[in-house]
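Below is one structure; the comments refer to it alone.
Throughout, protein chains are lettered first and strands after them, A, B, ... in sequence-line order, and every chain is numbered starting at 1.
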2 protein chains.
Amino acid sequence: MARLAVYLRVLGSLADGGLSTISSEALANAAGVNSAKLRKDLSYLGSFGTRGVGYVVEVLRERISTCLGVTEHRSVVLVGIGNLGHALAGYGGFGSRGFRIAGLFDADERRIGENISGLCVRSMDELDAVIARESVSIGVIATPADAAQEVCDRLVAAGVTSILNFAPAVLVVTDIVDVRKVDLAVELQILSFHEQRKAAGLKAVL
Amino acid sequence: MARLAVYLRVLGSLADGGLSTISSEALANAAGVNSAKLRKDLSYLGSFGTRGVGYVVEVLRERISTCLGVTEHRSVVLVGIGNLGHALAGYGGFGSRGFRIAGLFDADERRIGENISGLCVRSMDELDAVIARESVSIGVIATPADAAQEVCDRLVAAGVTSILNFAPAVLVVTDIVDVRKVDLAVELQILSFHEQRKAAGLKAVL
DNA sequence: AGCCGCTTGTGAACGTTGGCACAAAGTCGC
DNA sequence: GCGACTTTGTGCCAACGTTCACAAGCGGCT
Ligand SMILES: NC(=O)c1ccc[n+]([C@@H]2O[C@H](COP(=O)([O-])OP(=O)(O)OC[C@H]3O[C@@H](n4cnc5c(N)ncnc54)[C@H](O)[C@@H]3O)[C@@H](O)[C@H]2O)c1
Ligand SMILES: NC(=O)c1ccc[n+]([C@@H]2O[C@H](COP(=O)([O-])OP(=O)(O)OC[C@H]3O[C@@H](n4cnc5c(N)ncnc54)[C@H](O)[C@@H]3O)[C@@H](O)[C@H]2O)c1
């Protein structure tokens, strides 16, 4: 479930706030979901809440972390260090969530060697070696759409089994490989769709 | 439905490729979905495919565009011009999908006046005026998580009714406002979760 | 013109997800 | 120690999304 990750993030802030236990009700509010749904989600991981009190924040965090598999730090490679790639490479949110950037790669010779917050942009030739050496299982694609499938194939061939794709392209992969895509334009169009609906509703009222 | 936007994008490439009609089967493959699902999606917009032939690409594009409300160019404002904000501001994908960036805003005085591909970073003081003047209905938040709710409130107060949030924070809003969030860490954790499952499955086989 | 094959549109079955509501269980106060 | 209150865990149902399967409709071919 996608919501587990959100719970984990909220629990993080709560732990920083010094709270040691929390009820499903409160956590559900903070995460923006129904409390019953939250309890059902947690019940998938086993039952370890204390009735009448709630959940111990630390225990819960650890349990969810284990389930998500972020206890052992996973390595990711980032391919395509353009506009977006730079932002991702410079983003601190990777490390704090249990992910390590094992390498930055780009096809453009001029970018190779560039240093971004401690990491050096590498040539695509080194991709296979780095993936094998650091046993990378996740690849992030931030290249233009035309190159996405090609890069994807290379990543899969090198042993990557999960891909996060920012390019507006549909990737075809073996079914042992998981692909998630983030498409800004799609998100905006969905919002636009709702705007459209709102406007239509308004007209209907008049 | 979120998939309409994907269909539209795929149709765009197909139109560039010179194709004039397409069957649900082919379009479904290109978009990575089931053909029955695609037909059902399209049937929501009315029935205008030709049996035995398929859909006329141009008609379909126009119909979906109208439905998504991207025919009239929508304006968006972008708040928080840091790492990510720069990438977004410099991204060409907005204009080509029917969105116009009406303004870039940041709280940091040092960023104000900065020029990013033809757009000038403005002070937050001008936010309300720009939103009103250009009748902006969509706001994009790329500030740190702490500032997200505050910025969100300002956007809503100024008249924005749809928000795309990149900050890892849960926003609370009136229910006339739509919020979509893009959270990189959550995406990675979901992939990590599947990796975990794969590893567990592997162990079960042994 | 009539038949044939292809493709759409949709009804019905299915699995999944979300939400209510309540019993079980544990804590806190007295 | 006991009762009352709080909160979890879950059974049940409704709604939604997905998939299959097929009849109806259209174009092309003869
Ligand atoms: N910038 C954004 O805000 C944004 C938002 C959403 C989606 N996207 C998408 O993300 C992708 C990247 O966007 P961008 O703005 O960073 O583009 P960009 O052109 O700035 O960067 C693309 C990078 O990919 C590299 N590249 C090209 N072909 C490659 C290959 N075969 N192998 C390895 N590297 C290769 C290029 O050298 C370049 O550095 C695009 O598909 C874009 O549509 C960008
Ligand atoms: N960089 C990434 O790849 C990435 C990926 C996913 C999510 N995010 C999230 O996106 C957000 C921005 O990331 P970033 O890397 O660009 O951070 P950043 O620190 O580089 O940029 C944040 C910008 O927001 C501005 N800002 C701060 N408070 C503000 C306010 N109250 N009003 C207006 N502007 C304000 C700052 O001046 C700064 O320019 C963060 O929440 C981050 O977690 C970033």
Side-chain angles (χ1 to χ4, degrees), chain A residues 1-8 10-11 14 19-64 67-68 170 175 178-181 186 190 193-194 197, chain B residues 1-8 10-11 14 19-64 67-68 170 175 178-181 186 190 193-194 197:
Chain A
M1 307 277 183
R3 288 185 299 271
L4 282 179
V6 177
Y7 302 156
L8 190 57
V10 173
L11 284 169
L14 290 171
L19 209 58
S20 65
T21 67
I22 187 167
S23 74
S24 65
E25 200 77 29
L27 180 55
N29 275 347
V33 299
N34 189 298
S35 70
K37 187 165 17 176
L38 183 139
R39 287 201 296 275
K40 190 159 289 191
D41 288 344
L42 295 185
S43 75
Y44 272 86
L45 318 181
S47 36
F48 47 92
T50 320
R51 303 184 182 212
V53 178
Y55 300 90
V56 179
V57 174
E58 274 312 315
V59 173
L60 196 50
R61 284 181 73 182
E62 195 158 316
R63 196 73 196 75
I64 296 179
C67 174
L68 290 176
V170 182
D175 47 0
D178 284 301
V179 175
R180 291 190 69 85
K181 70 161 189 270
V186 168
I190 293 170
F193 169 70
H194 286 124
R197 302 271 296 184
Chain B
M1 306 278 181
R3 287 185 299 269
L4 281 179
V6 178
Y7 303 156
L8 191 57
V10 173
L11 285 170
L14 290 172
L19 209 59
S20 66
T21 67
I22 187 167
S23 75
S24 64
E25 200 77 31
L27 180 54
N29 275 346
V33 299
N34 189 299
S35 71
K37 185 163 23 176
L38 182 139
R39 286 200 298 275
K40 189 153 287 195
D41 287 345
L42 295 186
S43 76
Y44 272 86
L45 317 182
S47 36
F48 47 91
T50 320
R51 302 183 183 213
V53 178
Y55 300 90
V56 179
V57 174
E58 274 312 314
V59 173
L60 196 50
R61 282 181 75 181
E62 195 158 314
R63 195 72 197 75
I64 297 180
C67 174
L68 290 176
V170 182
D175 46 1
D178 284 301
V179 175
R180 291 190 68 84
K181 71 160 189 271
V186 167
I190 293 169
F193 169 69
H194 286 125
R197 300 272 295 186

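If you find the closest nucleotide of DNA chain C to B:T50 and to A:N34, the one lying nearer the 5' end belongs to B:T50.
Of the candidates D:dG17, D:dT10, D:dT7, the closest approach to any side-chain atom of B:M1 belongs to D:dG17. Distances from the side chain of A:S23 to the nucleotides D:dC20, D:dT8, C:dT27 place D:dT8 closest. Which of D:dC26, C:dG18, D:dG9 sits closest to the side chain of A:S47 comes down to D:dG9. Picking from C:dT27, D:dT10, D:dT18 the nucleotide with the shortest atom distance to the side chain of A:S43 gives D:dT10. For A:R39, the side-chain atoms get nearest to C:dC22 when compared with the rest of C:dC22, C:dG9, D:dG27.
OP1 or OP2 of D:dG9 sits under 4.0 Å from a side-chain N or O of A:Y55. Contact between the side-chain N/O atoms of B:R51 and the OP1/OP2 oxygens of D:dC22 is not found at any separation under 4.0 Å. The side chain of B:R3 contributes no N or O atom lying less than 4.0 Å from OP1 or OP2 of D:dG17. A sub-4.0 Å separation between OP1 or OP2 of D:dT7 and a side-chain N or O of A:S24 is absent. Distances shown here put every side-chain N or O of B:Y44 at or beyond 4.0 Å from the OP1 or OP2 atom of C:dT10.
Residues A:A30 and B:V170 come closest through the heavy atom pair O-CG2, 3.3 Å. Smallest separation of non-hydrogen atoms from B:V33 and B:Y7: CG2-OH, 3.8 Å. Nearest heavy atoms, A:C67 versus A:L4: SG-CD1, 4.1 Å. Taking all atoms of both residues into account, the shortest heavy-atom contact from A:Y55 to A:R39 is OH-CG, 3.9 Å.
D:dG9 atom P lies 10 Å from atom CG of A:L45, rounded to whole Å. Straight-line distance from the NZ atom of A:K37 to the C1' atom of C:dA21: 17 Å, rounded to whole Å. Protein atom CD of A:E25 is 12 Å distant from nucleotide atom P of D:dT6, rounded to whole Å. Look at CG on A:D41: it is 11 Å from P on C:dG19, rounded to the nearest Å. The CG atom of A:L42 sits 15 Å away from the P atom of C:dG19 (whole-angstrom rounding). Rounded to an integer number of Å, the gap from CG of A:L38 to P of D:dT7 is 14 Å.
B:T50 contributes no side-chain N or O that, together with a main-chain N or O of B:V53, makes up a donor-acceptor pair within less than 3.5 Å.
Interface remark: the B:K40 side chain does form a donor-acceptor pair with the D:dT19 base, using a distance-only criterion of under 3.5 Å.
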